[in-house]
Amino acid sequence: EACKLFEKMQAEDCEPDVVTYTALLDGLCKGNRLTEARQVLESMEDRNCVPNVITYSSLIDGLCKTGRVYEAQDIFKSMVVRGCEPNVVTYNSLIHGLCLANSVDSAILLMEEMMATGCVPDLITYNTLIDGLCEAGRAPEANRLLKEMKGCEADVITYSSLIKGFCKMEKLEMARTVFEEMLRKGLLPDVVIYSTLVDGYCSAGVVDEAERILEEMVANECAPDVFTYTSLVDGFCKVGRMVEARKVLKRMSRRGCEPNVVTYTALIDAYCKAGKPTVAYTLMEEMIGNGVKPNVVTYRSLISGFCGTGDVEEARRLLSRMDGEDCKPD
RNA sequence: CGAUUGGAAUAG
């Protein structure tokens with residue numbers, strides 16, 4: 001729709017300006033149409049419309065998020081050559097891209113480089129690096145970076161990354177300590193903070209404590225959402241407590257939070273792994289009855305479940321039924 | 001008028 005309007009405006013002799021080009025380029029990036037986004041940049045150059053720092057930053061962000069950091073780095077260099085100074089957003093986008101490409105150390109170097117050019121890191125810079133370190137299993141370093149942050153205060157995003165990072169390392173007591181530090185600083189935990197904790201405890205198999213945390217959030221008037229409940233459902237499934245997992249499924253509906261395909265698939269997968277693909281199949285039918293469509297993950301679990309019990313025929317039938325939206329065999 | 005950061009399920 002945006003592309004059509006854009007063509008229309010050109011047809012009507014209304015020259016697009018930088019803002020218009022940039023808005024289109026950003027939209028193309030967000031729709032994963034990076035080739036077309038790059039073409040927008042070229043056509044700006046052809047039409048003597050000078051791209052600015054926002055144009056370049058949008059493209060760098062788009063390239064980074066689609067796993068094309070090297071191209072992003074090239075754009076970064078070329079903007080400098082063309083006399084366009086990167087700002088904090090440009091750096092943040094590229095730092096994020098490096099983190100996504102498992103190059104946190106390069107990301108840290110880039111922050112140092114940005115400081116050397118006089119560009120001051122902001123909370124987003126720090127949050128991005130802290131999250132990158134945590135994702136790389138380096139939560140203690142991330143915690144040190146938090147303490148070294150200059151000119152800004154940690155927010156719930158900072159803490160959620162750290163909590164997840166410590167949970168991932170199975171350092172639940174550290175995750176808890178970080179959570180308490182956050183409270184002491186006067187920050188209100190939001191649904192993401194609680195969900196991260198619930199999921200962390202579930203992943204470590206400490207499901208009863210996870211359930212306690214979920215009820216604590218309800219008591220604190222922070223409503224759990226489908227992510228929170230799904231973590232708990234999956235937690236019970238992974239330790240083989242299927243009856244309790246189904247109770248949580250019921251409880252979430254009762255509280256007005258409808259399970260989605262991820263919630264159901266957690267249960268379906270557990271039944272399949274427990275050698276009960278027919279129970280899983282029945283649950284899928286119940287799910288469909290509730291208006292939730294299976295996706296490729298749901299089918300993958302069921303197909304391998306039936307294969308596991310030697311029922312290759314049923315597995316084939318399922319494979320042939322995969323023709324939905326998010327449901328193409330891969 | 002346009003750009004950047006945190007949470008859930010899956011086989012080999």
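The structure displayed is predicted, hence computed values, not measured ones. Reminder, nothing fancy here: chain letters follow the sequence lines and each chain counts from 1. Note: hydrogens, waters and symmetry copies are ignored here, and every other heavy atom, side chains too, is used.
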N/O donor to acceptor pairs below 3.5 angstrom from side-chain atoms of residues 159-167 of chain A, sequence neighbours left out:
residue: A:Y159; atom: OH; partner: A:E181; partner atom: OE2; Å: 3.2
residue: A:S160; atom: OG; partner: A:V156; partner atom: O; Å: 3.4
residue: A:S160; atom: OG; partner: A:I157; partner atom: O; Å: 3.0
residue: A:S161; atom: OG; partner: A:D131; partner atom: OD1; Å: 2.9
residue: A:S161; atom: OG; partner: A:I157; partner atom: O; Å: 3.4
residue: A:K164; atom: NZ; partner: A:E135; partner atom: OE1; Å: 3.3

Problem set entry | Atom of A:A315, atom of A:C307 and distance for their closest heavy-atom approach | CB-SG, 3.7 Å
For this session: Assign A:V88 to base, sugar-phosphate, or nothing according to its heavy-atom contacts below 4.0 angstrom with the strands shown.
Result: nothing
Exercise. With a non-hydrogen cut-off below 4.0 angstrom, is A:D122 in contact with a base, only sugar-phosphate, or nothing?
Worked result: nothing
For this session: Side chain of A:K273 only, please: which of B:rA11, B:rG7, B:rU5 is the nearest?
Result: B:rA11
Exercise. For A:N87, which contact category applies under a 4.0 Å heavy-atom criterion: base, sugar-phosphate, or nothing?
Worked result: base
Exercise. For the pair made of CG in A:L145 and P in B:rU5, what is the distance, rounded to whole Å?
Worked result: 18 Å
Exercise. Where the side chain of A:T128 is concerned, which of B:rU5, B:rA3, B:rG7 is the nearest nucleotide?
Worked result: B:rU5
Exercise. Any chain of hydrophobic side-chain contacts (each under 4.5 Å) joining A:V120 to A:M111?
Worked result: no
For this session: Can you sort out which residues in residues 44-65 of chain A have a heavy atom within less than 4.0 Å of RNA chain B? Ascending by number, please.
Result: A:N52, A:I54, A:T55, A:S57, A:S58, A:D61, A:K65
Exercise. If you measure only the distance, is there a donor-acceptor pair under 3.5 Å linking the side chains of A:N92 and A:D61?
Worked result: no
Problem set entry | A:V53 with A:V50, same ILVMFWY side-chain cluster at under 4.5 Å | no
Exercise. With respect to the side chain of A:V226, which nucleotide from B:rA8, B:rU5, B:rA9 is positioned closest?
Worked result: B:rA8
Problem set entry | Distance test, side-chain N/O of A:K164 to OP1/OP2 of B:rG7, below 4.0 Å | yes
Seminar exercise, completed: Residues passing the ring-ring contact (aromatic ring centres under 6.0 Å, His included) test with A:F76, sequence neighbours excluded, are A:Y91
For this session: Decide whether A:D199 and A:T196 meet the rule of one side-chain donor and one side-chain acceptor closer than 3.5 Å.
Result: no
Exercise. So what does A:T125 hit on the nucleic acid, given a heavy-atom distance under 4.0 Å: a base, only sugar-phosphate, or nothing?
Worked result: nothing
Seminar exercise, completed: By salt bridge (Lys or Arg N to Asp or Glu O under 4.0 Å), A:E45 pairs with (sequence neighbours left out) A:R82
Problem set entry | Distance-only donor-acceptor check, side chains A:D225 and A:T228, under 3.5 Å | yes
Exercise. Quick one: is A:K168 getting a side-chain N or O under 4.0 Å of the B:rG7 phosphate, OP1 or OP2?
Worked result: no
For this session: Is it possible for you to say whether A:M114 and A:V80 belong to one hydrophobic cluster, with membership spreading through side-chain heavy-atom contacts below 4.5 Å?
Result: yes
Seminar exercise, completed: Taken in chain and number order and not counting sequence neighbours, the residues that satisfy side-chain hydrogen bond (donor to acceptor under 3.5 Å, both in side chains) with A:T298 are A:T265, A:N295
Problem set entry | Residues in contact with RNA chain B, drawn from residues 178-198 of chain A - heavy-atom cutoff 4.0 Å | A:D190, A:V191, A:V192, A:I193, A:S195, A:T196
Exercise. Going by heavy atoms closer than 4.0 Å, what residues in residues 105-112 of chain A are next to RNA chain B?
Worked result: none
For this session: Would you kindly say whether A:R255 and A:Y229 are connected by a side-chain donor-acceptor distance under 3.5 Å?
Result: yes
Exercise. Can you find a donor-acceptor N/O pair under 3.5 angstrom joining the side chain of A:N92 to the base of B:rA3?
Worked result: no
For this session: For A:L28 and B:rA3, give me the distance from atom CG to atom P, rounded to whole Å.
Result: 14 Å
For this session: Could you tell me whether A:T22 contacts a base, only the sugar-phosphate backbone, or nothing, with contacts defined as non-hydrogen atoms closer than 4.0 Å?
Result: base
Seminar exercise, completed: Taken to the nearest 0.5 Å, the spacing of A:L267 CG from A:T230 OG1 works out to 9.0 Å
Please output the side-chain donor-acceptor pairs of residues 143-151 of chain A that fall under 3.5 Å, not counting sequence neighbours, one pair per line with the distance.
residue: A:N143; atom: OD1; partner: A:K147; partner atom: NZ; Å: 3.4

Exercise. Which of residues 236-259 of chain A have a heavy atom under 4.0 Å from RNA chain B?
Worked result: A:K238
Exercise. Among residues 275-294 of chain A, which contact RNA chain B at a heavy-atom distance under 4.0 Å?
Worked result: none
Exercise. Is the shortest heavy-atom distance from the side chain of A:Y126 to the side chain of A:T158 under 4.5 Å?
Worked result: no
Problem set entry | Qualifying ring pair (Phe, Tyr, Trp, His ring centres under 6.0 Å) pairs, either residue in residues 195-214 of chain A, two or more places apart | none
Could you give the side-chain donor-acceptor pairs of residues 18-31 of chain A under 3.5 Å, partners two or more places apart or in another chain?
residue: A:T20; atom: OG1; partner: A:D17; partner atom: OD1; Å: 2.5
residue: A:T22; atom: OG1; partner: A:V18; partner atom: O; Å: 2.7
residue: A:T22; atom: OG1; partner: A:T55; partner atom: OG1; Å: 2.9
residue: A:D26; atom: OD1; partner: A:K30; partner atom: NZ; Å: 2.8
residue: A:D26; atom: OD2; partner: A:K30; partner atom: NZ; Å: 2.8

Problem set entry | Rounded distance (Å) that lies between atom P of B:rG2 and atom CG of A:L41 | 20 Å
